[in-house]
Trainee: 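Okay, handing you the structure first.
All heavy atoms count here, side chains included; hydrogens, waters and symmetry mates do not. Starting from 1, each residue takes its place in the sequence as its number.
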Amino acid sequence: MRFTSLVVELIRARPRLVVWVVVLVQAAIWLFLPLIFYGSPPGNLATVLAFGREYQVGTDMGPPLSFWLADIAFRAAGNHVFGVYLLAQVCEIATFIAFYQLARAIVGGPQGVLAVLLSMTVVVFSSPSVEFGPLILARPLWALLLLHSWQLIGLDRRAAWFAWSIDCGLLLLTTPAALGMILLVVGFALATERGRRTLRAVDPLYALLVIIVLALPYLIWLVRADVLALPALPAAADLKARALRWGVVLGGLIVATAAIVLLAILNSRWFARDREDAPIIYRPPVSPLAQHFVYFFAFAPAIVSSFVSGLFDLDRAFGGAGVALLMSGLAVVVATGDLIHLRRQRLLRSVWAFAVAAPAAVALAAALFLPWTSTTEVPTSLPAAAMGRFFDDSYERRTNHRLRAVAGDPELASLIAMNGRRPHLLLDAAPQRTPWLSVAKFNETGGVVVWRAQDTAGTPPPELAQRFPGLVPEVPRSFDRLVNGRQPVLRIGWAIVRPKG
């Protein structure tokens with residue numbers, strides 16, 4: 001009798017169970033790691049919550065849906081960031097479940113599991129799912145859009161038109177890259193005979209109506225804010241630098257697929273000891289239309305997003321690496337063939353587990369060990385809860401009013417704005433970004449101004465003192481980070497602007 005591992009048998013017999021197990025385990029890792037080892041939320045999540053608290057139809061950070069959902073999740077969890085972390089993991093689970101449904105419709109359940117496992121190494125490695133925002137929310141919507149697009153074009157299911165229109169409308173309310181993502185789907189449909197036949201029906205008109213209704217508030221805001229025009233194109237002298245930027249971003253996307261390349265090499269015949277003993281994952285033949293669909297959406301989003309990033313000098317792929325590389329695992333599975341041999345299973349499992357767990361290990365090491373080896377501050381080590389409580393209580397004791405607004409250093413101010421009473425955030429250096437509050441209104445209603453103290457007197461920076469004349473600094477407040485290590489104690493200078501009247 002030949003021995004086949006339990007994992008292979010589960011992939012063959014219970015593929016959906018395998019997908020749910022690996023997705024839930026990965027989500028649990030990224031849910032509890034920040035809760036235990038982060039003193040403050042990563043990236044600009046605090047700013048996302050500050051913007052979401054105002055329920056603006058649109059801001060310079062993009063469409064409003066992700067900001068609204070972040071605030072709802074934050075409030076539902078009792079003004080705790082746990083709700084936002086949970087929402088981010090729900091998005092990740094929805095992404096891979098929808099992606100599995102698409103992969104199963106094209107290559108069957110067992111090989112669909114392999115596609116999910118491969119794409120998980122890319123998405124998790126390239127962009128961890130803790131920092132909820134437009135890039136995270138766009139992933140499940142993109143996966144659902146691809147699933148419903150294949151149901152329309154490949155499976156001829158007219159009932160999917162309504163769901164497809166909902167996907168498009170929500171995408172337009174989520175990310176500025178939504179229009180490009182929708183145009184890619186429409187472009188593929190126009191390039192294929194079955195796609196053109198699908199578009200000739202009357203259903204697309206109803207879908208367009210639903211999309212307009214969903215996105216209408218944001219479209220009205222775009223018109224009123226006069227931001228419909230594209231950013232200025234680069235000058236001829238800047239084309240070389242922009243082309244280099246394109247290459248850098250595209251190269252970063254290619255590097256993010258390194259785990260898939262390594263797994264494919266290790267599973268090749270070069271490393272096989274006994275070819276007959278390798279278990280086989282079988283699938284029914286894939287149609288040419290399905291192959292074109294998979295390859296197009298595996299390469300076109302990465303190329304287009306990196307090109308847009310290079311053209312407008314963006315630091316990362318426009319729309320996010322999680323969107324651009326989502327179909328990479330399915331493309332490898334389709335290209336492998338109807339029969340996939342799983343050689344050197346133990347080594348493959350180890351490499352895959354390392355690729356998925358490595359980002360979490362790096363985040364854990366950065367939180368616990370980096371402060372002892374470097375003087376560079378870890379952004380997630382700031383004690384957001386302690387800072388928020390102190391400044392809220394201090395302001396109320398001094399003025400007998402609750403803290404209504406906070407300004408000054410954007411990073412510190414956004415963290416303080418997360419405290420239980422949720423004061424407004426004022427970006428005083430760029431007040432047009434926070435239209436719900438101006439410097440004049442801040443001086444009238446009162447608030448706290450914070451900055452990083454450079455001396456024992458807590459002297460405010462000159463530009464801050466210029467924006468807030470008559471600022472009287474208080475004694476700087478010291479805070480311990482989650483792990484101080486070799487770093488000096490965090491000292492925050494602050495001043496109270498008392499409310500008028």
Side-chain angles (χ1 to χ4, degrees), residues 39-54 56 59-62 67 225 227 231-232 313-315 375-384 386-388 390-392 394-395 398-399 401 403-419 422-479 481 487-500:
S40 58
N44 65 341
L45 181 54
T47 306
V48 169
L49 288 171
F51 276 62
R53 177 220 188 283
E54 308 299 336
Q56 298 286 301
T59 64
D60 67 327
M61 295 183 68
F67 305 99
V227 293
D313 199 22
L314 304 178
D315 294 333
T375 57
T376 303
E377 183 179 76
V378 180
T380 56
S381 66
L382 300 180
M387 291 161 51
F390 171 78
F391 291 108
D392 183 71
S394 298
Y395 183 85
R398 300 287 186 88
T399 66
H401 292 80
L403 180 61
R404 295 183 178 274
V406 59
D409 183 278
E411 181 183 18
L412 300 177
S414 60
L415 294 177
I416 296 170
M418 289 177 53
N419 74 64
R422 306 291 304 280
H424 299 279
L425 173 66
L426 169 63
L427 300 177
D428 51 275
Q432 69 278 3
R433 296 190 58 200
T434 53
W436 53 84
L437 189 62
S438 63
V439 175
K441 184 67 173 179
F442 180 89
N443 289 327
E444 180 182 349
T445 58
V448 169
V449 183
V450 295
W451 60 91
R452 291 180 180 266
Q454 303 297 327
D455 52 33
T456 56
T459 306
E463 61 276 7
L464 202 60
Q466 184 178 4
R467 289 192 290 269
F468 297 96
L471 205 61
V472 179
E474 305 284 346
V475 177
R477 172 68 177 181
S478 298
F479 294 92
R481 298 178 179 86
Q487 302 172 9
V489 176
L490 174 65
R491 290 190 305 174
I492 299 180
W494 60 291
I496 289 179
V497 176
R498 296 181 177 274
K500 300 296 187 296

Trainee: According to salt bridge (Lys or Arg N to Asp or Glu O under 4.0 Å), does anything in residues 426-435 pair up with another residue at least two apart or in another chain? List the pairs.
Mentor: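 As it turns out, the salt bridge (Lys or Arg N to Asp or Glu O under 4.0 Å) pairs with a partner in residues 426-435, which skip direct neighbours, are Asp60-Arg433, Asp428-Arg467.
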Trainee: For Glu444, is there an ion pair with Arg498 - N to carboxylate O distance below 4.0 angstrom?
Mentor: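 No salt bridge links Arg498 with Glu444.
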Trainee: Is there a side-chain contact between Leu45 and Thr47 (heavy atoms, below 4.5 Å)?
Mentor: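 No; the side chains remain at least 4.5 Å from each other.
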Trainee: Distance-only, no hydrogens or angles: does the Asn443 side chain make a donor-acceptor pair with backbone N or O of Ala440 under 3.5 Å?
Mentor: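 No, the answer is negative, given that no donor and acceptor are paired below the 3.5 Å cut-off.
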Trainee: May I ask you to test the Lys500-Thr445 pair for a side-chain heavy-atom distance under 4.5 Å?
Mentor: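 No, every pair of side-chain atoms sits at 4.5 Å or beyond.
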Trainee: Should Leu412 and Trp451 count as side-chain neighbours, where that means a heavy-atom distance under 4.5 Å?
Mentor: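 Side-chain contact under 4.5 Å: no.
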Trainee: Between Val449 and Ile496, is any pair of side-chain heavy atoms under 4.5 Å apart?
Mentor: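 A side-chain contact is absent here, since even the closest heavy-atom pair is not under 4.5 Å.
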Trainee: Might you confirm whether atom CD of Glu463 has over 12 heavy atoms from other residues, nucleotides or ligands at distances under 6.0 Å?
Mentor: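 Counting other residues, nucleotides and ligands, CD of Glu463 exceeds 12 neighbours.
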Trainee: With sequence neighbours excluded, tell me which residues meet ring-ring contact (aromatic ring centres under 6.0 Å, His included) with Tyr395.
Mentor: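 Partners of Tyr395 by the ring-ring contact (aromatic ring centres under 6.0 Å, His included) criterion come out as none, since no residue qualifies.
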Trainee: Can you name the ring-ring contact (aromatic ring centres under 6.0 Å, His included) partners of Trp494, sequence neighbours left out?
Mentor: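 Partners of Trp494 by the ring-ring contact (aromatic ring centres under 6.0 Å, His included) criterion, ordered by chain and then number, come out as Phe390, Phe391.
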Trainee: If you compare all heavy atoms of Gly62 against all heavy atoms of Phe67, which two are closest, and at what distance to 0.1 Å?
Mentor: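 The pair with the smallest heavy-atom distance is O-CE1, 4.1 Å.
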Trainee: Are any of the side-chain heavy atoms of Ser438 and Pro431 separated by less than 4.5 Å?
Mentor: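 No, their side chains stay 4.5 Å or more apart.
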Trainee: Might you point out which heavy atoms bring Leu490 and Met387 nearest each other, and give the distance in Å?
Mentor: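 Closest approach of Leu490 to Met387, heavy atoms only: CD2-SD, 4.4 Å.
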Trainee: What's the separation between atom CG in Leu425 and atom CD1 in Ile416, rounded to the nearest 0.5 Å?
Mentor: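 That separation rounds to 10.0 Å.
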Trainee: Given 3.5 Å as the limit, does a donor-acceptor pair link the side chain of Asp392 with the main chain of Gly388, or not?
Mentor: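 It does not hold such a pair.
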Trainee: When you compare the side chain of Leu426 with that of Val406, does any pair of heavy atoms fall below 4.5 Å?
Mentor: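 When only atoms from C-beta onward are counted, Leu426 and Val406 do not touch, as no gap falls below 4.5 Å.
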Trainee: Any side-chain heavy atom of Leu382 within less than 4.5 Å of one from Glu411?
Mentor: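 Yes. Closest side-chain heavy atoms under 4.5 Å.
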Trainee: Let me see the working for Arg398 and Glu474 under side-chain contact (heavy atoms from CB on, under 4.5 Å), right down to the final yes or no.
Mentor: CA-CA 12 Å; Arg398 300 287 186 88; Glu474 305 284 346; 3.0 Å; yes
Trainee: Check Arg452 with Glu377, please: is the shortest side-chain N to carboxylate O separation under 4.0 Å?
Mentor: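 A salt bridge links Glu377 with Arg452.
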Trainee: So, Arg404 side chain and Gly446 main chain: donor-acceptor pair closer than 3.5 Å or not?
Mentor: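 No: the side chain of Arg404 does not pair with the backbone of Gly446.
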Trainee: Please determine whether side-chain contact (heavy atoms from CB on, under 4.5 Å) holds for the pair Val48 and Met61, giving the CA-CA distance in whole Å, both sets of side-chain angles, and the decisive distance to 0.1 Å.
Mentor: CA-CA 9 Å; Val48 169; Met61 295 183 68; 4.2 Å; yes
Trainee: Test your reading of the model: is there a side-chain donor-acceptor pair from Arg422 to the backbone of Leu49, 3.5 Å cut-off?
Mentor: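 Yes, the answer is positive, given that a donor and an acceptor are paired below the 3.5 Å cut-off.
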Trainee: For Pro423 versus Ala405, what's the shortest heavy-atom pair and its separation?
Mentor: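 It is CB-N, 3.7 Å.
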Trainee: What is the minimum heavy-atom distance between Arg481 and Val489, and which atoms define it?
Mentor: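 What the structure gives for the nearest pair is NH1-C, 4.0 Å.
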Trainee: By side chain to side chain contact (heavy atoms under 4.5 Å, CB included), which residues pair with Ala46, not counting sequence neighbours?
Mentor: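 By the side chain to side chain contact (heavy atoms under 4.5 Å, CB included) rule, Ala46 matches Pro41, Ser414, Leu415, Met418.
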Trainee: Examine distances only and state if a side-chain atom of Asp455 and a backbone atom of Gly458 form a donor-acceptor pair shorter than 3.5 Å.
Mentor: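 Side chain of Asp455 to backbone of Gly458, a donor-acceptor pair under 3.5 Å: yes, one is there.
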Trainee: Only counting residues at least two apart or in another chain, list the ones meeting ring-ring contact (aromatic ring centres under 6.0 Å, His included) with Phe51.
Mentor: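 Phe51: ring-ring contact (aromatic ring centres under 6.0 Å, His included) contacts with Trp436.
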Trainee: Could I get the full list of side chain to side chain contact (heavy atoms under 4.5 Å, CB included) partners for Arg491, not counting sequence neighbours?
Mentor: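 Counting only residues at least two positions away or on another chain, Arg491 forms a side chain to side chain contact (heavy atoms under 4.5 Å, CB included) with Ala453, Thr456, Ser478.
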Trainee: Do you know which two heavy atoms are closest between Ser40 and Ala384, and how far apart they sit?
Mentor: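 Ser40 and Ala384 have their closest heavy atoms at CB-CB, 3.9 Å.
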